[in-house]
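Below is one structure, written out as structure tokens; comments come after it.
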Amino acid sequence: MSKFIVFLLLPYLWLHIVIRFLGKNKQLYRLDQQFTYKLRTNPFNSELLQFAYYILWLPEYRSIFYKRAGVVGRLMNIYLPGQNCLYIRTAKDNIGGGICVSHGHSTEINAKSIGLNCHIFQNVTIGTRGSSVGPAIGNNVVVGCGAIVLGDIHIGDNVKIGANTVVVKNVPANCTVVGRGSIIVKMNNEKVEIEL
């Protein structure tokens with residue numbers, strides 16, 4: 001049924017399609033789509049139809065697309081709204097390609113910068129703490145549901161932040177962080193127990 005709806009509504013997505021495939025950020029849009037395809041199911045093999053499917057069925061994907069599209073994205077949001085409780089306050093030029101927000105309910109993203117292939121789950125808060133600057137997030141970072149990442153800190157590459165983890169200090173690359181006191185439980189594929 002969803003395939004039929006995509007084919008039926010494809011003409012109504014002409015502005016989305018033009019921006020996706022001909023816009024100045026087409027490479028970033030492509031990276032977002034490819035990373036989302038790795039994480040989320042899609043019944044299509046065609047890049048065009050995959051894009052249409054995500055635009056129609058994933059409001060959080062639409063929110064990211066609209067953020068990157070700028071003023072035109074805000075206009076498109078009027079007739080096909082994005083996720084209504086996903087707040088992306090990070091400047092669009094500071095968000096690397098390949099960002100994927102899963103579910104996006106009650107999620108606030110206010111980072112200084114976000115690297116490539118960042119996967120953010122629902123109920124996440126990424127924001128400021130005692131200053132106007134949020135965290136700088138590296139490449140290939142996963143932020144689990146309910147996690148809180150606050151302050152002018154740096155999250156290294158290949159970091160996994162567990163569900164409901166509170167992070168207020170710098171996190172080195174290649175590790176997994178869990179708990180309210182932010183304990184590194186895995187570093188460079190070895191089990192450890194290091195408090196931040």
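Here the structure is a predicted model, which means the values were calculated and not measured. Heavy-atom basis, side chains included; hydrogens, waters and symmetry copies ignored.
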### Task
Go through the steps to decide whether Ile155 and Val149 satisfy the test side chain to side chain contact (heavy atoms under 4.5 Å, CB included), and finish with yes or no.
CA-CA 9 Å; Ile155 307 298; Val149 184; 4.0 Å; yes
## Note on the structure
When rounded to the nearest 0.5 Å, the distance separating CG of Leu116 from CG of Asp157 is 9.0 Å
### Message
I'd like to check His16 versus Phe51 (side-chain heavy atoms, cut-off strictly below 4.5 Å). Are they in contact?
### Response
yes
### Query
More than 12 non-hydrogen atoms from neighbouring residues, nucleotides or ligands closer than 6.0 Å to OH on Tyr87, yes or no?
no
### Task
Give a yes or no on whether the backbone of Gly82 and the side-chain of Asn77 come within a donor-acceptor separation of less than 3.5 Å.
yes
### Side-chain (Thr128) to main-chain (Gly151) donor-acceptor, under 3.5 angstrom
no
### Message
So, taking the atom named CG in Leu58 and the one named OG in Ser102, what distance separates them when rounded to the nearest 0.5 Å?
### Response
8.5 Å
#### Entry: Minimal non-hydrogen separation, Ile19 against Ala69, with atom names
CG2-CB, 4.3 Å
### Message
Can you list everything that forms a side chain to side chain contact (heavy atoms under 4.5 Å, CB included) with Asp152? Sequence neighbours excluded, please.
### Response
Lys112, Ser131, Val133
### Query
Are the aromatic rings of His105 and Phe121 close, with centres under 6.0 Å apart?
no
### Query
With a 4.5 Å heavy-atom cut-off, do Gln50 and Tyr37 have their side chains touching?
yes
### Task
Measure the acute angle between the ring planes of Phe44 and Phe7, then classify it against the limits of 30° and 60° as parallel, tilted or perpendicular.
perpendicular
### Query
Yes or no on side-chain hydrogen bond (donor to acceptor under 3.5 Å, both in side chains) for Asn158 and Asn174, after CA distance, side-chain angles and deciding distance?
CA-CA 5 Å; Asn158 308 311; Asn174 305 313; 2.9 Å; yes
### Task
Describe, in one word, how the ring planes of Phe65 and Tyr29 are oriented to each other, choosing from parallel (under 30°), tilted (30 to 60°) and perpendicular (over 60°).
tilted
### Query
Any link between Met76 and Leu10 through a network of hydrophobic side chains (Ile, Leu, Val, Met, Phe, Trp, Tyr) touching at under 4.5 Å?
yes
### Query
Hey, mind stepping through Ile64 and Val101 against side chain to side chain contact (heavy atoms under 4.5 Å, CB included) and telling me if it holds?
CA-CA 8 Å; Ile64 294 167; Val101 177; 3.6 Å; yes
### Query
Does some side-chain heavy atom of Thr165 sit less than 4.5 Å from a side-chain heavy atom of Val143?
no
### Query
For Lys160, does the NZ atom have more than 12 heavy-atom neighbours from other residues, nucleotides or ligands under 6.0 Å away?
no
### Task
State whether the number of non-hydrogen atoms from other residues, nucleotides or ligands found under 6.0 Å of Tyr12 atom OH is greater than 12.
no
### Query
Do Ile114 and Asn94 have side chains that get closer than 4.5 Å, going by heavy atoms?
no
### Task
Could you tell me which non-hydrogen atom of Gly146 sits nearest to which non-hydrogen atom of Val124, and how far apart they are?
N-CG2, 4.1 Å
### Task
Please assess Gln34 against Glu47 for the test side chain to side chain contact (heavy atoms under 4.5 Å, CB included), listing each intermediate value before the final yes or no.
CA-CA 9 Å; Gln34 288 173 343; Glu47 201 170 325; 5.5 Å; no
### Message
Once rounded to the nearest 0.5 Å, what's the spacing between atom CD1 of Ile148 and atom CZ of Arg129?
### Response
11.5 Å
### Message
Students often mix this up, so state it plainly: with edges at 30° and 60°, are the rings of Tyr54 and Tyr61 parallel, tilted or perpendicular?
### Response
tilted
### Query
Backbone N or O of Asp32 within a donor-acceptor pair of the Thr36 side chain at under 3.5 Å?
yes
### Task
Taking all non-hydrogen atoms of both residues into account, name the closest pair between Val159 and Pro172 and its distance.
CG2-O, 3.2 Å
### Task
For Leu56 and Leu13, run side chain to side chain contact (heavy atoms under 4.5 Å, CB included): C-alpha distance rounded to whole Å, both residues' side-chain angles, the deciding distance at 0.1 Å, then the answer.
CA-CA 9 Å; Leu56 289 170; Leu13 299 176; 3.9 Å; yes
### Task
Working to the nearest 0.5 Å, report the span between CZ of Arg68 and CG of Asn25.
7.0 Å
### Task
Find out if a path of hydrophobic residues (ILVMFWY) with successive side-chain heavy-atom gaps under 4.5 Å connects Leu39 to Ile109.
no
### Query
Does Ile55 belong to the same Ile/Leu/Val/Met/Phe/Trp/Tyr cluster as Trp14, with side-chain heavy atoms less than 4.5 Å apart forming each link?
yes
#### Entry: Side-chain donor/acceptor of Arg62 to backbone N/O of Pro81, under 3.5 Å
yes
### Query
Minimum heavy-atom separation for Val168 to Ile153, with atom names?
O-CG2, 3.5 Å
### Message
Is there a continuous path of hydrophobic side-chain contacts, each under 4.5 Å between heavy atoms, that joins Met187 to Val167?
### Response
yes
### Salt-bridge criterion met for Lys186 and Glu193 (N-O under 4.0 Å)
no
### Message
Students often mix this up, so state it plainly: with edges at 30° and 60°, are the rings of Tyr53 and Trp57 parallel, tilted or perpendicular?
### Response
tilted
### Message
To check you understand the geometry: which heavy-atom pair defines the closest contact between Val178 and Gly162, and what is its length?
### Response
CG1-CA, 4.3 Å
### Residues Arg40, Glu60: salt bridge by 4.0 Å N-O rule
yes
### Task
State yes or no: do Val185 and Ile194 share one hydrophobic cluster built from I, L, V, M, F, W and Y residues joined by side-chain heavy-atom distances below 4.5 Å, directly or via other members?
no
### Message
So, taking the atom named CD in Glu108 and the one named OG1 in Thr90, what distance separates them when rounded to the nearest 0.5 Å?
### Response
8.5 Å
### Task
Measure the spacing between OG of Ser113 and CG of Asp93 and express it to the nearest 0.5 Å.
12.0 Å
### Side-chain touch Pro135/Leu150, heavy atoms, less than 4.5 angstrom
no
### Heavy-atom pair with the smallest gap, counting every atom of Gly96 and Leu28
C-CD2, 4.2 Å
